[in-house]
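Let me begin by presenting the structure, written as structure tokens, before commenting on it.
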Protein chains: 2
Amino acid sequence: MTARSHRPTIKEVALRAGVSPMTVSRTLSGGLNVKPDVQERVLAAVAELGYHRNENARSIRPGHSSGLIGVAITNIANPYYSTFALGVEEEAALTGRRILLGNTSEDAARENALVSDFLGRRVEGLIVVPASAEPDHLAASQKQGVPVVLASRRVEGLDADSVVLADDEGAHRGTIALIDGGHTRIGYLGNTLAIFTGRRRHAGFVRALEERGLRLDASLVAAGPQTVEQAREATRALLRMKNPPTAIFCANNRNAIGAIKEISTQIGAGLKPATAYPEIMSFDDFELAELSPVPISVIDHDPRELGRTAARLLLDRLDADGDGGPMREIELPVELRTHLR
Amino acid sequence: MTARSHRPTIKEVALRAGVSPMTVSRTLSGGLNVKPDVQERVLAAVAELGYHRNENARSIRPGHSSGLIGVAITNIANPYYSTFALGVEEEAALTGRRILLGNTSEDAARENALVSDFLGRRVEGLIVVPASAEPDHLAASQKQGVPVVLASRRVEGLDADSVVLADDEGAHRGTIALIDGGHTRIGYLGNTLAIFTGRRRHAGFVRALEERGLRLDASLVAAGPQTVEQAREATRALLRMKNPPTAIFCANNRNAIGAIKEISTQIGAGLKPATAYPEIMSFDDFELAELSPVPISVIDHDPRELGRTAARLLLDRLDADGDGGPMREIELPVELRTHLR
DNA sequence: CTGTTAGCGCATTCAG
DNA sequence: CTGAATGCGCTAACAG
């Protein structure tokens, strides 16, 4: 069987139905001013040929848009972001739009290339979890009339719609809960401060310490681990200290999972009882958190809703006739859930 | 600030650079037969205007294609499938192609609509984790010269490239390991047999029982649970039996996680010691599996590689001049990893 | 109710 | 080395 690469065009449908291309076009756009029986003939031809209207050809015509939304995410494989993507996809699908998904791997250059590519494909808008602190490529998109919505992280110097979490408040509340639970030596594992959420969550952590009159011990702070493995190493270092922390604040799920894995391994080795290990506070809930071998609390939130909200911000702007009004900065609430275990 | 929705065209670049559109086009396509200084002028104009070649306009011209791959997945939020999507994205990006991602929610109608939409957008090919047992819409795609690659599941009656796991063999080996570990009453939690993987994994399970001379006890088999919550309920039912299983074979991560959660909860309630609960065999590894409160083994595999392989199958066919040869059916190996815990 | 003309942005073909 | 003409698939705008 040879793969006949033939996608029928409107002309072929017209020929087969014995009408002009315009009649086909009209029929496919709702059938206004086309006799019912002619419509039937057209639709029959469409079905027989398996015709699909070429949206790309359609979109180059004035007034028409591509129905595409460019989504750039730092790491699709992270359940947090994939759930976010699901939220975006669902909301976009409600308006018949599709998403063009790209993974940036937390790499600014890749984000640049991706945005550029998306613009070439004439996306109507961009939803970005920025890997780059550099606003130029996104500003360029806006200048072309392609709105940008930032999700999870903001970019300094870019006036764009955004939806982020209550990072500072969440980290603050979580840390206060630890302190009020009796902890005075609290470790910190999180992203580098170069990243928006890393900075804000760290700030909330520090603010809580100050508020309770605890001094910040730099040797307890690891602002850097990105992967579970790196988090394990950082945890190992904390546990090796002569005076280890009695609790660890983990600024995201990668770090919390790394900490738990390391603690679990060490408990399994049997050197010290489980109670000798630090308790965990995790910014991000995650599956099986309740199996932690040490007490764990989470600062929970809803990535799917984050995605939906980002999409709605964008769609609102796309549907707005004029400039769509001032930028909107949304902060989604988080929920402290103590001692899942 | 008004959102000037102006995307510059090749004409405007030409005007600004003082050349014809063709010279711009040539410059952007590699610059063959364009004087270096002219190229510079063109590129300067491109940069100043923030011009991006309109790929949609480009793709309607004969010979050119969209550079788009349609990916339809049953559930993006499932870490297994999001990692799969990452693999597809990476491999597609290597050839400059992008993915159009759609979620089917295990819904055949949605899959139909999605495929139809993808064809309208002139995707070069389709990568599908089929939610539907019905081959017609996918066959239609092939007939138009848009190749289809099935991933994880095959569709009966559809002659398409596919990459799936060694479901039967994996389930068989896992079950044999349980039996040889002394278990004679083994529970089963998995997808409905209407789903390809559900059917195959169940078959491997049954085959192992037969091989070892154990009879299949229907009351121990739950072929249906799709979500963690449903899996918990099914587990609860198994544990309530007068003669409960001493091991449970879980045909996917949703079911394994549900089982573990339920067992963990019951152990926490303190009615029976942990050793009184069934051990787990999970088809699919998952994060924190090693924290299971009961011994657990997994049939591991690599969803990212599954994605990469699916993409490569598709790209091979796209790059092939002729019909690309016979369909290829790949079965990726799985690895039994016993007693992570 | 239906068909013709024209043009969206781009690049192949053919003249210079 | 550069430009003009032409047509990709589609649909407003304008006849009829």
Side-chain angles (χ1 to χ4, degrees), chain A residues 5-43 45-46 49-68 119-124 144-146, chain B residues 5-43 45-46 49-68 119-124 144-146:
Chain A
S5 171
H6 197 61
R7 340 268 265 255
T9 75
I10 198 172
K11 264 194 220 166
E12 300 171 59
V13 176
L15 201 69
R16 184 167 189 117
V19 296
S20 80
M22 260 321 292
T23 300
V24 176
S25 175
R26 275 194 266 260
T27 302
L28 261 28
S29 315
L32 241 82
N33 293 339
V34 181
K35 272 204 296 204
D37 58 310
V38 176
Q39 287 194 46
E40 270 181 52
R41 282 220 314 283
V42 169
L43 293 177
V46 165
L49 295 173
Y51 171 76
H52 291 269
R53 193 158 56 173
N54 186 333
E55 292 300 328
N56 295 334
R58 216 158 166 241
S59 74
I60 69 169
R61 300 188 31 72
H64 281 273
S65 50
S66 68
L68 253 27
L119 290 176
R121 295 182 191 281
R122 291 304 184 264
V123 294
E124 292 186 59
Q144 312 233 335
V146 181
Chain B
S5 171
H6 195 62
R7 339 268 266 255
T9 74
I10 198 171
K11 264 195 220 166
E12 299 171 60
V13 175
L15 202 69
R16 183 164 189 120
V19 296
S20 78
M22 260 322 293
T23 300
V24 176
S25 176
R26 276 195 264 258
T27 301
L28 263 28
S29 316
L32 241 81
N33 292 339
V34 181
K35 270 204 297 202
D37 57 312
V38 176
Q39 287 195 44
E40 270 182 53
R41 281 219 316 284
V42 169
L43 293 177
V46 165
L49 296 174
Y51 171 77
H52 292 270
R53 193 157 55 171
N54 186 333
E55 292 300 328
N56 295 335
R58 209 153 175 248
S59 74
I60 69 169
R61 298 188 33 72
H64 281 273
S65 51
S66 68
L68 253 27
L119 290 177
R121 295 182 190 280
R122 292 303 183 267
V123 294
E124 294 186 60
Q144 313 235 331
V146 181

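If you're wondering where the values come from, they're calculated on a predicted model, not measured in any experiment. Throughout, a chain's letter reflects where its sequence line sits, starting with A, and its residues are numbered from 1.
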(message) So, taking the atom named CG in B/Asn56 and the one named CZ in B/Arg121, what distance separates them when rounded to the nearest 0.5 Å?
(response) 9.5 Å
(request) On DNA chain D, check which nucleotide each of B/Thr23 and A/Ser25 is closest to and give me the residue with the more 5' one. (result) B/Thr23
(request) Select from B/Val19 and B/Ala57 the residue whose nearest nucleotide in DNA chain D is closer to the 5' end of that strand. (result) B/Val19
Does [N] have OP1 or OP2 under 4.0 Å away from a side-chain N or O of [X]?
X	N	value
A/Thr9	D/dC8	no
A/Arg53	D/dT11	yes
A/Arg58	D/dT11	yes

Separation of [N] [atom2] from [X] [atom1] (nearest whole Å):
X	N	atom1	atom2	result
B/Arg61	C/dT12	CZ	P	6 Å
B/His6	C/dG9	NE2	C1'	12 Å
B/Ile10	C/dG7	CD1	P	19 Å
B/His52	C/dG9	NE2	C1'	15 Å
A/Lys35	C/dT2	NZ	P	5 Å
A/Leu32	D/dT11	CG	P	15 Å
A/Lys11	D/dT11	NZ	P	14 Å
B/His64	C/dT13	NE2	C1'	13 Å

(message) Any base atoms under 4.0 Å from A/Asn54, or only sugar-phosphate, or nothing? Heavy atoms, all strands.
(response) sugar-phosphate
(message) Restricting to non-hydrogen atoms, name the atom on B/Pro21 and the atom on B/Lys11 that form the minimum distance, rounded to 0.1 Å.
(response) CG-CG, 4.3 Å
(request) Give the minimum heavy-atom separation between A/Tyr51 and A/Ile10, together with the two atoms involved. (result) CE1-N, 3.5 Å
(message) Looking only at the side chains, is there a donor atom on one of A/Glu12 and A/His6 sitting less than 3.5 Å from an acceptor on the other?
(response) yes
(request) Choose from D/dT2, C/dC8, D/dC8 the nucleotide whose nearest atom is closest to any side-chain atom of B/Asn33. (result) D/dT2
(message) With hydrogens left out and only the distance checked, is there a donor-acceptor pair under 3.5 Å joining B/Arg26's side chain and the base of D/dG3?
(response) yes
(request) Could you check A/Val34, A/Val24, A/Val19, A/Leu28 and say which one makes a side-chain contact (heavy atoms from CB on, under 4.5 Å) with A/Gln39? (result) A/Val34
